[in-house]
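One is the number of the first residue; the rest follow in order along the sequence.
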Amino acid sequence: MLARPVAVPDSTGWVEEAFGTQPLRSWVDLTDGRDGLAILPKGLYEYEACEDRQRTLLVTSSARAALNWS
């Protein structure tokens, strides 16, 4: 398991701008050390976790796959 901070690092002076999205292969788990939430989506390949002043966790995910509408 890999722990990552929720905050996006300051990318001033970097070649590329830092973004909050992270890769997602099979599952993601968010925890504050006491309570947690695991998400095991199918077909989603990245996520972003955001934290506000009230310590509300928001997980957004995006599917980047071609859709067949036929």
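Closest non-hydrogen pair, Asp35 versus Thr31, comes out as O-OG1, 2.9 Å. Ser11 and Glu17 make their closest contact through OG-CA, 3.7 Å (heavy atoms, listed as atom of the first residue, atom of the second, distance). Shortest non-hydrogen contact noted between Pro9 and Ala18 is O-CB, 3.7 Å. Taking all atoms of both residues into account, the shortest heavy-atom contact from Glu46 to Thr21 is OE2-CG2, 4.0 Å.
Residues Pro41 and Tyr47 form no side-chain contact, since every pair of their non-hydrogen atoms from C-beta on lies 4.5 Å or further apart.
Partner of Ile39 under the side chain to side chain contact (heavy atoms under 4.5 Å, CB included) criterion, out of Leu30, Val28, Asp29: Val28 alone.
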